[in-house]
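The analysis underlying the following values was restricted to heavy atoms, covering all of them including side chains, and did not include hydrogens, waters or symmetry mates.
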Amino acid sequence: MAKHIFVTGGVVSSLGKGLTSASIALLLERRGLSVRMQKLDPYLNVDPGTMSPYQHGEVYVLDDGAETDLDLGHYERFTDAPLNRDCNYTSGKIYQQVIQKERQGKYKGKTVQVVPHVTNEIKACINKLVAPGVDVVITEIGGTVGDIEGMPYFEAIRQFALDVGKQNCLFIHLTLVPFLKAAGELKTKPTQHSVMELRKIGIQPDVLICRTEREIPEADCEKIALFCNVERRAVIEEKDKEFSIYEVPLGFADRQVDELIASKLGLALPQPLALDDWRAMLERMRRPQQDVTIGFVGKYVKHRDAYKSVYEALDHAGIHHGAKVKVVRIESERLADAELAAKALAGVDGLLVPGGFDSRGIEGKVEAIRYAREAGLPFFGICLGLQCATIEFARNVAGLDGANSTEFDKAGPHPVVCLMSEQVGVTDIGGTQRLGAYPCHLTPGTKTREAYGADVVSERHRHRFEVNNAYRDRLAAAGLVFSGTSPDGSLVEAIELPDHPWFVGVQCHPEFKSKPTRPHPLFREFVGAARRYRLDRPDEAVRGRLVATVG
């Protein structure tokens, strides 16, 4: 029978429940257990797909096309646990399912209520991850204890422990132990009150993960254990990690959190804890051989979580090359002309243009790409980045004045990027977006094919617009190489310039498949090209003239 771990949070949000859940899963996987992971979010949106990145960070896309919370990115970067659309539910999705059942008469005329109908639906969602061979299911509850929108979830997991037996459930509560400068001491009262709220609901936490800026004295740990009714060994200090989030699993390992969980759940751990590769990865991060500076031109650069997976993928590539990747975040709206773009990118070693929607900042992205193409600056375009590169090439190399995407200019003379439904010869257009994993055939002899080391790859997508087939011949004649296409050749998946140090654009989102111990091939080669560019151009005076905001 599968064991269940529920991770909740208290006092304040953003304490790191996702990182905590992912780190625990990593330890259990390394002990030989099969783990599945899930995030339950209390907000009423059906999924994050229509939410602004400023509201909820990036939308993390899975192979099956599910648009999910960014915490699932932590799950995949830390573990090998398979994820699908059952791994992220929101209140919007839960209530939608309850209302559909009510409309279909499945409740047989009963009054539909939060208890038991909504809570039963939540429990059913948790049970979807239980399968033969699964040892542990970790379910993270979004928000904090006491939030009104989260109450059905806390009630559901309280009931769940009764349904499957308390011996099969473990409640881990993540809380804050703040340091008050005026008093000169750590305060345990917020943690006590957070646990009190949980106990009012009927949930007694088994393990407390205490987030803190400073080391928690033993006396305070004993105090927390006593007043929160938790064993002293189950009060785990989680001090802020100043260097990297990838240190979190090692901190838990040092405190034998895996052994604690196993003892409380009666789990046998098949093998010793093996973290040598993880420690080696962190050691490479701590001792970089050089710096590489990447210009990052986007629309949401003020909010770091908006491009969370891209930043992580850059770091992973840097680890591979023994380099520290410094990101210069540049708002695309500020690059109104070629001169401003040249100044902003004067000291960087590579340009990355990420995905996005809508017309804001598009011309700035196009100008930045033009500079990279003309200056021989390594360039990597993701999704919208590929589309902007196609527009730039069409305008300034292929002679297609006014070239644009129909997303930005429906009446333009040269729609070199358009909707799938506007494509000649494309009949299977599906929904409004291409979402999830799609195969891509790579062209022999191209940088993209060389990076992957394979003829066919699968990558995740999230976009509506494609390179217009009607212009492919003209663009190819001008020198643009289509280095990847859909299996039937009807959709462009990757482009590149053969006589450029590294100029590659892809329709997919490769950042979603990068791990700290296994960097994505395209990010690896892009950062490698930026590293070579820096070695060939070590002018520190030029590098000091950055005018963009450093992230």
Side-chain angles (χ1 to χ4, degrees), residues 297 338 341 350-355 362-363 365-409 412-420 422-426 434 438 440-452 455 457 459 461 463 465-508 510 521-522 525-526 529:
V297 177
L351 167 66
L352 192 150
V353 177
I362 291 301
E363 293 304 319
K365 293 180 180 182
V366 171
E367 288 296 342
I369 293 168
R370 179 177 184 174
Y371 173 83
R373 178 179 57 78
E374 294 178 344
L377 178 71
F379 163 74
F380 187 24
I382 296 174
C383 195
L384 181 59
L386 172 144
Q387 296 166 23
C388 288
T390 302
I391 292 167
E392 190 281 324
F393 186 87
R395 290 178 184 176
N396 301 311
V397 180
L400 301 172
D401 292 339
N404 216 326
S405 166
T406 55
E407 182 179 9
F408 316 130
D409 184 2
H414 296 294
V416 294
V417 176
C418 64
L419 284 170
M420 284 184 284
E422 299 167 336
Q423 289 275 19
V424 176
V426 178
R434 269 213 289 168
Y438 287 85
C440 169
H441 284 236
L442 301 174
T443 304
T446 61
K447 292 185 175 68
T448 309
R449 167 63 180 78
E450 183 180 349
Y452 277 106
D455 294 325
V457 296
E459 292 285 6
H461 291 247
H463 64 93
F465 291 81
E466 308 277 353
V467 174
N468 192 337
N469 289 331
Y471 287 89
R472 279 170 64 171
D473 288 345
R474 295 179 69 176
L475 294 172
L480 188 65
V481 172
F482 300 107
S483 51
T485 64
S486 57
D488 62 1
S490 66
L491 297 173
V492 172
E493 292 282 7
I495 63 171
E496 62 182 67
L497 295 179
D499 298 325
H500 193 282
W502 175 267
F503 192 102
V504 172
V506 291
Q507 274 284 33
C508 62
L522 294 181
E525 295 306 308
F526 168 59

query = Run the side-chain contact (heavy atoms from CB on, under 4.5 Å) check on Leu522 and Tyr452 step by step: do they pass?
reply = CA-CA 7 Å; Leu522 294 181; Tyr452 277 106; 3.4 Å; yes

inquiry  = Using the rule given for side-chain contact (heavy atoms from CB on, under 4.5 Å), can you reason through Asn404 versus Arg395, listing the C-alpha separation, both sets of side-chain angles and the distance that settles it, and then say yes or no?
reply    = CA-CA 8 Å; Asn404 216 326; Arg395 290 178 184 176; 3.4 Å; yes

message = Nearest 0.5 Å, please: how far is NZ in Lys365 from CG in Leu351?
response = 10.5 Å

ask   = Hey, are the side chains of Leu377 and Tyr371 touching, using non-hydrogen atoms and a 4.5 Å cut-off?
value = yes

Check against side-chain contact (heavy atoms from CB on, under 4.5 Å), Thr406 and Phe465 = CA-CA 8 Å; Thr406 55; Phe465 291 81; 3.4 Å; yes

inquiry  = Just to verify, which of Ile382, Leu384, Thr390 counts as forming a side-chain contact (heavy atoms from CB on, under 4.5 Å) with Leu386?
reply    = Thr390

message = Restricting to non-hydrogen atoms, name the atom on Lys447 and the atom on Pro498 that form the minimum distance, rounded to 0.1 Å.
response = NZ-O, 3.3 Å

ask   = How many angstroms lie between atom CG of Asn396 and atom CD1 of Ile391, to the nearest 0.5 angstrom?
value = 11.0 Å

message = Donor-acceptor pair, distance only, cut-off 3.5 Å: does the side chain of Gln387 make one with the backbone of Ser405?
response = no

inquiry  = Just verifying a value: how many Å separate Tyr471 OH and Cys418 SG, rounded to the nearest 0.5 Å?
reply    = 9.5 Å

key: Spacing of His414 atom NE2 and Asn468 atom CG [to the nearest 0.5 Å]   = 11.5 Å

Thr446 side chain near Phe482 side chain, heavy-atom distance below 4.5 Å = no

inquiry  = How close do Cys508 and His461 get, counting heavy atoms only, and between which atoms?
reply    = CB-NE2, 3.8 Å

Distance-only donor-acceptor check, side chains Thr448 and Ser483, under 3.5 Å = yes

ask   = Parallel, tilted or perpendicular for Trp502 and Phe380, by the 30°/60° rule?
value = perpendicular

request  = Measure the spacing between SG of Cys388 and CD of Glu363 and express it to the nearest 0.5 Å.
outcome  = 8.5 Å

query = Taking all atoms of both residues into account, what is the closest heavy-atom pair of His500 and Arg373, and its distance?
reply = CD2-O, 3.5 Å

task = Check whether any side-chain heavy atom of Arg472 sits under 4.5 Å from a side-chain heavy atom of Val492, and report yes or no.
result = yes

Arg434 vs Glu466, side-chain contact (heavy atoms from CB on, under 4.5 Å): CA-CA, chis, key distance, verdict = CA-CA 10 Å; Arg434 269 213 289 168; Glu466 308 277 353; 2.9 Å; yes

query = Are any of the side-chain heavy atoms of Gln507 and Leu491 separated by less than 4.5 Å?
reply = no

request  = With the side chain counted from C-beta on, respond yes when Asp455 and Arg449 share a heavy-atom pair under 4.5 Å apart, and no when they do not.
outcome  = yes

Minimal non-hydrogen separation, Pro413 against Gly402, with atom names = CD-O, 3.7 Å

key: Over all atoms of both residues, closest heavy-atom pair of Gly385 and Ile369   = O-CD1, 3.9 Å

remark   = Rounded to the nearest 0.5 angstrom, the CZ-CD1 distance for Phe503 and Ile495 is 6.0 Å

ask   = Within a reach of under 6.0 Å around CD of Glu450, are more than 12 heavy atoms found that belong to other residues, nucleotides or ligands?
value = no

task = Please report the shortest heavy-atom distance between Phe393 and Leu480, naming the atom on each side.
result = CZ-N, 3.5 Å

